[in-house]
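Below is one structure, written out as structure tokens; the observations come after it.
Owing to the predicted nature of the structure, the values given are computational and were not obtained by experimental measurement. This chain uses plain numbering: 1 for the first residue, then up along the sequence.
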Amino acid sequence: MREPDVVDVLTADHTRIEQWFRDYERTPSAVERRRLITNIIIELVRHAEAEEMYVYPRARLVLPNGHTIVDREIAEHAEAERIMSRLDRMKPMDAGFDPLARELMRVVRGHVREEEKGWFPVLRRLMPVQDRRRLAELVEGAKVVAPTRPHPGAPDRPPFNVLVGVGTGVADRARDLLSGRRQR
């Protein structure tokens with residue numbers, strides 16, 4: 001079996017999130033919907049942070065039109081983060097919770113489609129395998145220290161996103177521990 005590269009790691013995240021989206025769409029339980037949205041938010045925030053810290057700076061350099069592609073991706077992350085920030089403060093019984101969750105699904109599914117069908121194959125073709133494997137390690141490491149809550153006003157470009165992200169990640173994890181909020 002081959003060692004996973006960054007595209008494998010990011011695609012596995014997408015698959016996990018999509019499964020939680022499908023579970024959300026099938027469950028009538030408000031408690032289960034809240035649990036799933038919490039999982040989705042934690043995973044999406046960690047995933048986006050890792051992409052912005054390590055993948056996007058390299059994609060800018062490797063991909064044809066990399067700057068344009070990455071700027072669009074960052075704008076989509078910002079849109080999803082604004083939605084997640086609102087969802088994180090809501091209860092599943094609130095009138096706007098379900099429509100907002102479905103809006104998040106729409107935004108994320110479009111973003112994933114663009115990555116997986118659009119520039120991921122190009123990145124895989126143009127970036128040497130050793131670089132992709134090293135990037136996978138960096139992404140996995142970043143997810144361990146990344147924030148777990150949306151912070152729409154935080155920087156989304158290096159080096160400030162790295163500096164702020166690690167500190168924010170520590171604060172989020174402390175807050176999660178104290179509140180009992182965790183991925184399940």
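R46 and A146 get closest at one heavy-atom pair: CA-CB, 4.0 Å. Scanning all heavy atoms of the two residues, the minimum distance from A136 to D5 falls at CB-C, 3.5 Å. Taking every heavy atom of both residues into account, P121 and E116 meet most closely at CD-O, 3.4 Å. Heavy atoms only, all atoms of each residue included: P64 and I69 are closest at O-CD1, 3.6 Å.
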request  = Evaluate the salt bridge (charged side-chain N to carboxylate O under 4.0 Å, His left out) criterion for residues D23 and R26: first the C-alpha distance (whole Å), next the side-chain angles of each, then the deciding distance (0.1 Å), finally the verdict.
outcome  = CA-CA 5 Å; D23 291 346; R26 284 192 289 262; 2.9 Å; yes

task = Go through the steps for E137 and E3 under the test side chain to side chain contact (heavy atoms under 4.5 Å, CB included), then give the verdict.
result = CA-CA 11 Å; E137 292 170 5; E3 192 176 333; 4.0 Å; yes

request  = Step by step, work out the side chain to side chain contact (heavy atoms under 4.5 Å, CB included) result for V108 and E18.
outcome  = CA-CA 9 Å; V108 170; E18 178 58 33; over 6 Å; no

task = Begin with the C-alpha distance, continue with both residues' side-chain angles, and end with the deciding distance and a verdict on salt bridge (charged side-chain N to carboxylate O under 4.0 Å, His left out) for E25 and R22.
result = CA-CA 5 Å; E25 290 169 327; R22 289 181 182 156; 5.8 Å; no

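A salt bridge does not link R133 with E140: every distance from a Lys NZ or Arg NE/NH1/NH2 to an Asp or Glu carboxylate oxygen is 4.0 Å or more. Salt bridge annotation for E79-R82: absent, with no cationic side-chain nitrogen under 4.0 angstrom from a carboxylate oxygen. Between D71 and R60, at least one side-chain nitrogen of the basic residue sits less than 4.0 Å from a carboxylate oxygen of the acidic one, meeting the salt-bridge criterion. With respect to the salt-bridge test (charged N to carboxylate O, under 4.0 angstrom), the residues R72 and E114 qualify. Taking 4.0 Å as the cut-off between side-chain N and carboxylate O, R134 and D131 do not count as a salt-bridged pair.
The environment of CZ in R113 is sparse: at most 12 heavy-atom neighbours from other residues, nucleotides or ligands sit within 6.0 Å. Residue-environment remark: CZ (R34) exceeds the threshold of 12 foreign heavy atoms within 6.0 Å.
For the atom pair OG1 of T11 and CD of E115, the computed distance is 8.5 Å after rounding to the nearest 0.5 Å. Rounded to the nearest 0.5 angstrom, I17 CD1 and E43 CD are separated by 5.0 Å. The distance from the NE2 atom of H14 to the CG atom of L44 is 8.5 Å, given to the nearest 0.5 Å. Atom CH2 of W20 and atom CD1 of I41 lie 11.5 Å apart (nearest 0.5 Å). Rounding to the nearest 0.5 angstrom, the gap separating the CZ atom in R132 from the CG atom in L126 is 10.0 Å. Distance check, rounded to the nearest 0.5 Å: CD1 of I83 to CG of D88 gives 13.5 Å.
Results of the side chain to side chain contact (heavy atoms under 4.5 Å, CB included) test with F120 over V112, V7, V6, D8 single out V7 as the only residue that passes.
Proximity of a side-chain donor or acceptor of R86 to a complementary backbone N or O of L100 within less than 3.5 Å is not detected.
Side-chain contact between Y24 and L104: absent, with no pair of heavy atoms (C-beta onward) separated by less than 4.5 Å. Looking at heavy atoms from C-beta onward, M90 lies out of side-chain contact with I37 at the 4.5 angstrom threshold. Contact of the E51 side chain with the I74 side chain is not registered, since no non-hydrogen atoms from C-beta on lie closer than 4.5 Å.
Using modelled atom types, one finds a donor on one side chain and an acceptor on the other under 3.5 Å when comparing S85 with R89.
Within the structure, the ring pair (Phe, Tyr, Trp, His ring centres under 6.0 Å) test picks out the following pairs touching residues 90-114 (sequence neighbours left out): H77-H111.
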